[in-house]
Amino acid sequence: MSATNYDVAVIGAGVVGCAIARQLSRYQLKLALIDAAEDVAMGASRANSAIVHAGYDCPPGSVEARLNVKGNAMYDAWCADLDVPIQRIGSLVIGFDEQDEKVLEELYDRGIKNGVPGMELISGDRAREIEPSLSGEVTKALYAATGAISCPYQMTIACAENAKENGCEWLLGHPVTEMKVVDGVVEITMGEEKITAKHVVNAAGVFADEVSAMLGDSSFTVSPRKGEYMLLDRTATSVKTVIFQTPSKLGKGVLVAPTVDGNMFAGPTAVNQTDKLDTSVSQEGIDQLSALSRKSVPTINLRSVITSFAGVRAQPSTGDFIIQISEVCPQLIQAAGICSPGLTSAPAIAEEVDSLLRKAGAELVEKEDYNPIRKAIPEFRHLSNEERTQLIEKDSRYGRIICRCETITEGEIVEAIRRGARSLDGVKRRTRAGMGRCQGGFCGPRVMEILSRELGIPMTELTKFGGNSRLLTGVLKED
Amino acid sequence: MKKFVDIAVIGGGPAGLAAALEAWRAQPELNILIIERDHEPGGILQQCIHNGFGLHFFGEELTGPEYAGRFIAEVKKTSIEIMTDTMVLELNNERKILAVSAENGLIEIEAKAVVLAMGCRERTRGALNIPGSRPAGVYTAGCAQRLVNMEGYMPGKKVVILGSGDIGLIMARRMTWEGAKVEVVAELMPFSSGLNRNIVQCLVDNNIPLKFNHTVVRVDGRERVEAVTIAEVDPATKRPIPGTEETYECDTLLLSVGLIPENELTNGAGVEMDRITSGAVVDETRQTSIPGVFACGNVLHVHDLVDNVSNEAKLAGLSAAQYVAGGEKKVEKYHSVNATNGVRYAVPQRISADASGKLDVYFRVGNAYRPAKLVVRCGEEVLATRRKAIMTPGEMEKITLDADKITGDITLEMEA
Ligand SMILES: Cc1cc2nc3c(=O)[nH]c(=O)nc-3n(C[C@H](O)[C@H](O)[C@H](O)COP(=O)(O)OP(=O)(O)OC[C@H]3O[C@@H](n4cnc5c(N)ncnc54)[C@H](O)[C@@H]3O)c2cc1C
Ligand SMILES: Cc1cc2nc3c(=O)[nH]c(=O)nc-3n(C[C@H](O)[C@H](O)[C@H](O)COP(=O)(O)OP(=O)(O)OC[C@H]3O[C@@H](n4cnc5c(N)ncnc54)[C@H](O)[C@@H]3O)c2cc1C
């Protein structure tokens, strides 16, 4: 069997890989987007703080700093094209004592060096005017007007969909297990299947070191650092801005922020671990977040927590994003070690990879019919009554509510499946069905029925998120 | 689509059905509409295929669907209209309702009176902050009940249950009968929140251990649940005691950790709420703080017996009919009903000064009392006393008062 030959294969369908795929889909290239998971956004891009960072905490002169500030500036345009939410609500780093105040000044200076616009050092009182729920103990704050919130998995999904629309092929559920260069092209083995590609982009998140090593480049390692979160119900009074505490050695400090969907959340912790896939939540983490979030926002109602979750950061041994043509294998372009602020930087990383590909000799010719626009699934809950009526007239399934907490219709769920959802979590990330206060207790079985019907697979084969995450263990025995 | 009705009942469970029926019986000429989001009326009873309903109300033991079926059959004989597959999205303080269905699209309904009967939902894992991984195989007991009883699927084979609420107990038995192994039921409190008869029939009879003062401290398994660890808690702090952990290999964790009244619509309309019941504040007619809006059943406070739901709903339905027939009656003065000293809550929360006749007050205690003595006072005067061998938070209690004797605020409290 002859293997399919691609011009470029992007390994990893997180926000970085998907942004790159979208960027490259404008060119006349045979392009593949590969991921081990059966859906996109299954790694760090699914569970993070969702902040479009201003860019004051990256070390001046680093790749991170440059791409963060550039990525932040690109976000509005990308979100507009891709129909992804972004809210420029501003961020505050708060200080409680002299030591913190010194840190704030350092951050401010760093921000100036990094070229961050719209920063201001303000008094505790001024900070409380901006954010009334802030602790009375806050003495000083760094305000950054460009700090924003977005939705990491929607961004990832939107990029992937737009790339596909423009001809990129998705090879999901395809773990890359082996690669070698044969006659100048890379032969990529994914279990039983093989493809070739002239260029490979490594965007494999925490596994980027292992993917790189498959082509002989072991110049860096990536170590996992977990961050845990608590998410609160929408009815809990929310904050208006992103509130960081001063950063520690392990991360940007615990934050309290609203999500674009109007929930509030607190996190992340920072726990170094050896297991790259461990996203479990610990009691210590929950306790730590409770204490720290109360320190920022004393009125936070922790009784309204509806779920907790964790994501794993990819900490590079080099201390900076690794975005370059591999010195060992010229066919390999690294987009590795993308720790925070990877979400923010993704659009800028995509442009960076674009120019690296040119440098590596790829012929990048623009397509005439490239379409940068991607439309989100209609959201019944956010439509006006006239729009709702029109939608239901076109497709009556938009009149059937399946998820009662978030008011998600059957029409939205069917559309999510059409666009690639294969599991309960896949539907959830695309529509919010099951993300509300009952966490799928009500709609779970109903969404399963729709998945089974639309995909034509038996209920007992359905999974929560692919692999062996089967939801049911069998049918009832006959009496 | 636009509709004008005399009474709109939101929710077609046992509460909504009984309320509509009673309103119709009082005023058969009224235009009464039940709005139900499911394919059929009956509410949560449709998935409760076990026996044990109606002992008080019908004097015989029925299954959930049978109990609901009796009401549905009665309703079908009347002029009451039922709209199924129709979800109410909004209610405002002028009793205007926005609903939606695939068949009719958006529906605006103006009602002279509204009965809230939306029932409740289950508390989830997130609300408990259970540490560990988040694999497939963690279900609320009611969700598992639906999968088994209505869809015919087994959600798991080896099960640990957290919480001894009634649904969890019933599911322990159901899953056992279907060939699953229920390893243990862990209960955080030193007593069960379920009915005693369910503990005996569901756990004891099936040799399933029930461990009080225990909670789940960890879930393991990357893709599907592989193990659940429980530990004993310090009864005072509810914190796990290190060293008491026990790990059960299993594929499923069922949660039966409480029900929460489903009051998004009620909140949206701006109805005054009771922090303890998570339901509306009502008077003895079950009228909320918005005139012409009534509430009954699990949306008002969580009931353990559907029989009580039916009785409360009859009252709310009758009140709604009287409201429509007689117009808004200005209540001059309310006496408040205060739950203190071991009584967690009481419904109704207030009683109008001109109430008369016999009047039932439902309440729950906050702890296990054995023996138990409840005293109801109006000022210094004792209005009623109730002694029982045992009262627990798991069983809703009722006391009947003579409304004519209520001349001021009243207090319910436990005494030694
Ligand atoms: C706790 C936390 C908080 C964060 N907060 C922020 C924030 O607020 N703002 C911000 O800008 N950034 C934030 N980040 C960083 C951001 O989330 C990441 O930088 C970004 O998601 C990385 O995207 P990625 O595509 O590189 O990796 P991932 O999303 O992890 O994707 C990598 C993909 O590669 C696939 N893969 C791996 N190996 C193989 C293989 N052999 N074959 C096939 N596929 C493979 C994986 O399945 C995975 O889907 C945070 C991160 C964490 C963990
Ligand atoms: C799983 C379970 C097991 C039980 N077991 C027993 C038992 O063994 N014995 C016993 O006596 N009692 C039992 N009970 C208690 C009893 O069944 C309930 O108290 C009773 O069903 C409550 O009636 P309800 O009408 O208030 O609520 P529900 O039965 O929950 O009905 C509410 C209805 O409102 C509808 N609704 C909600 N919101 C909307 C909206 N926005 N638009 C349209 N429709 C809406 C819902 O679809 C539902 O049909 C059990 C309860 C549960 C939850």
Side-chain angles (χ1 to χ4, degrees), chain A residues 230-231 233 235 277-286 290 302-310 380-381 385 388-389 392-393 396-401 404-405 407 409-410 424 437-442 444-445 448-449 459-460 463-477, chain B residues 37 85-87 89 98 100-106 108 121-140 142-144 146-158 178-180 217-224 239-240 251-252 255 260 262 264 267:
Chain A
M230 295 191 308
L231 184 82
D233 194 358
T235 52
L277 292 171
D278 179 0
T279 54
S280 63
V281 177
S282 67
Q283 187 61 50
E284 301 77 58
I286 291 168
S290 305
L302 297 170
R303 277 181 55 197
S304 60
V305 169
I306 56 175
T307 187
S308 37
F309 60 90
F380 179 87
R381 65 192 181 283
N385 286 344
R388 288 170 172 177
T389 303
I392 299 167
E393 269 165 17
S396 68
R397 291 175 296 190
Y398 283 95
R400 188 171 296 128
I401 310 286
R404 61 181 178 194
C405 300
T407 320
T409 62
E410 181 176 8
L424 216 48
R437 54 187 70 91
C438 96
Q439 290 285 301
F442 176 82
M448 285 160 67
E449 271 175 49
M459 291 277 279
T460 45
T463 65
K464 187 169 186 299
F465 48 79
N468 290 318
S469 64
R470 290 263 152 74
L471 290 156
L472 301 169
T473 56
V475 292
L476 234 52
K477 58 179 190 211
Chain B
R37 66 176 167 213
D85 284 314
T86 306
M87 169 100 175
L89 300 173
L98 179 68
V100 66
S101 75
E103 195 185 340
N104 297 308
L106 288 184
E108 287 174 73
R121 65 165 185 273
E122 297 177 275
R123 282 182 71 198
T124 62
R125 169 180 184 181
L128 306 171
N129 261 333
I130 301 174
S133 56
R134 289 171 313 291
V138 181
Y139 289 101
T140 57
C143 182
R146 185 183 165 94
L147 286 168
V148 177
N149 291 349
M150 299 188 70
E151 324 246 346
Y153 293 101
M154 281 298 273
K157 291 187 186 129
K158 267 181 114 180
E178 291 301 335
V217 293
R218 193 170 170 84
V219 176
D220 282 297
R222 187 153 288 156
E223 297 185 308
R224 175 84 198 192
R239 294 291 257 179
D251 59 18
T252 306
L255 303 171
I260 306 171
E262 181 127 1
E264 283 68 35
N267 278 315

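The figures here come from the full heavy-atom set of this structure, side chains too, leaving out hydrogens, waters and symmetry mates. Note on naming: letters A, B, ... go to the chains in the order of the sequence lines (proteins, then strands), and numbering restarts at 1 for each one.
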Considering only heavy atoms and a distance below 4.5 Å, find which of [options] pairs most often with chain A.
| options | value |
| --- | --- |
| B/Met150, B/Glu122, B/Arg224 | B/Arg224 |
| B/Glu264, B/Lys157, B/Arg218, B/Met154 | B/Met154 |
| B/Arg121, B/Glu103, B/Glu151 | B/Arg121 |
| B/Asp85, B/Thr86, B/Leu89, B/Val100 | B/Val100 |
| B/Gly105, B/Ala136, B/Pro240 | B/Ala136 |

To the nearest 0.5 Å, what is the distance between [atom1] on [X] and [atom2] on [Y]?
| X | Y | atom1 | atom2 | value |
| --- | --- | --- | --- | --- |
| B/Glu223 | A/Lys464 | CD | NZ | 11.5 Å |
| A/Phe442 | B/Thr140 | CZ | OG1 | 11.5 Å |
| B/Arg239 | A/Gln283 | CZ | CD | 5.0 Å |
| B/Ile130 | A/Thr307 | CD1 | OG1 | 10.5 Å |

Let me know if [X] has heavy atoms under 4.5 Å from chain B in its side chain, its backbone, both or neither.
| X | value |
| --- | --- |
| A/Leu302 | neither |
| A/Glu393 | neither |
| A/Phe465 | side chain |
| A/Ile392 | side chain |

Quick one: of [options], who has the most non-hydrogen atom pairs under 4.5 Å with chain B?
| options | value |
| --- | --- |
| A/Leu231, A/Thr463, A/Val281 | A/Val281 |
| A/Thr460, A/Leu471, A/Asp278 | A/Leu471 |
| A/Met459, A/Met448, A/Arg404 | A/Arg404 |
| A/Asn385, A/Thr407, A/Asp233 | A/Asn385 |

Review point. When you look at B/Leu98 and B/Glu108, which way does the side chain to side chain contact (heavy atoms under 4.5 Å, CB included) test go after all the steps?
Key: CA-CA 5 Å; B/Leu98 179 68; B/Glu108 287 174 73; 4.0 Å; yes
Check your understanding: Is a salt bridge present between B/Arg37 and B/Glu262, judged by a nitrogen-to-oxygen distance below 4.0 Å?
Key -> yes
Exercise for review: Go through the atoms of B/Arg222 and report whether side chain, backbone, both or neither lie under 4.5 Å from a heavy atom of chain A.
Suggested key: both
Practice item. Select one option (side chain, backbone, both, neither) describing which atoms of B/Asn104 are under 4.5 Å from chain A's heavy atoms. Key: neither
Review point. Distance under 6.0 Å and angle within 45° of the ring axis: does A/Arg388 meet both against A/Tyr398?
Key: no
Review point. Side chain of B/Arg134, backbone of A/Thr279: donor and acceptor closer than 3.5 Å?
Key: yes
Point to revise | Side chain A/Ser280, main chain B/Gly132, donor-acceptor under 3.5 Å | key: no
**Study point:** Contact check, side chains of B/Thr124 and A/Ile306, non-hydrogen atoms, under 4.5 Å
**Key:** no
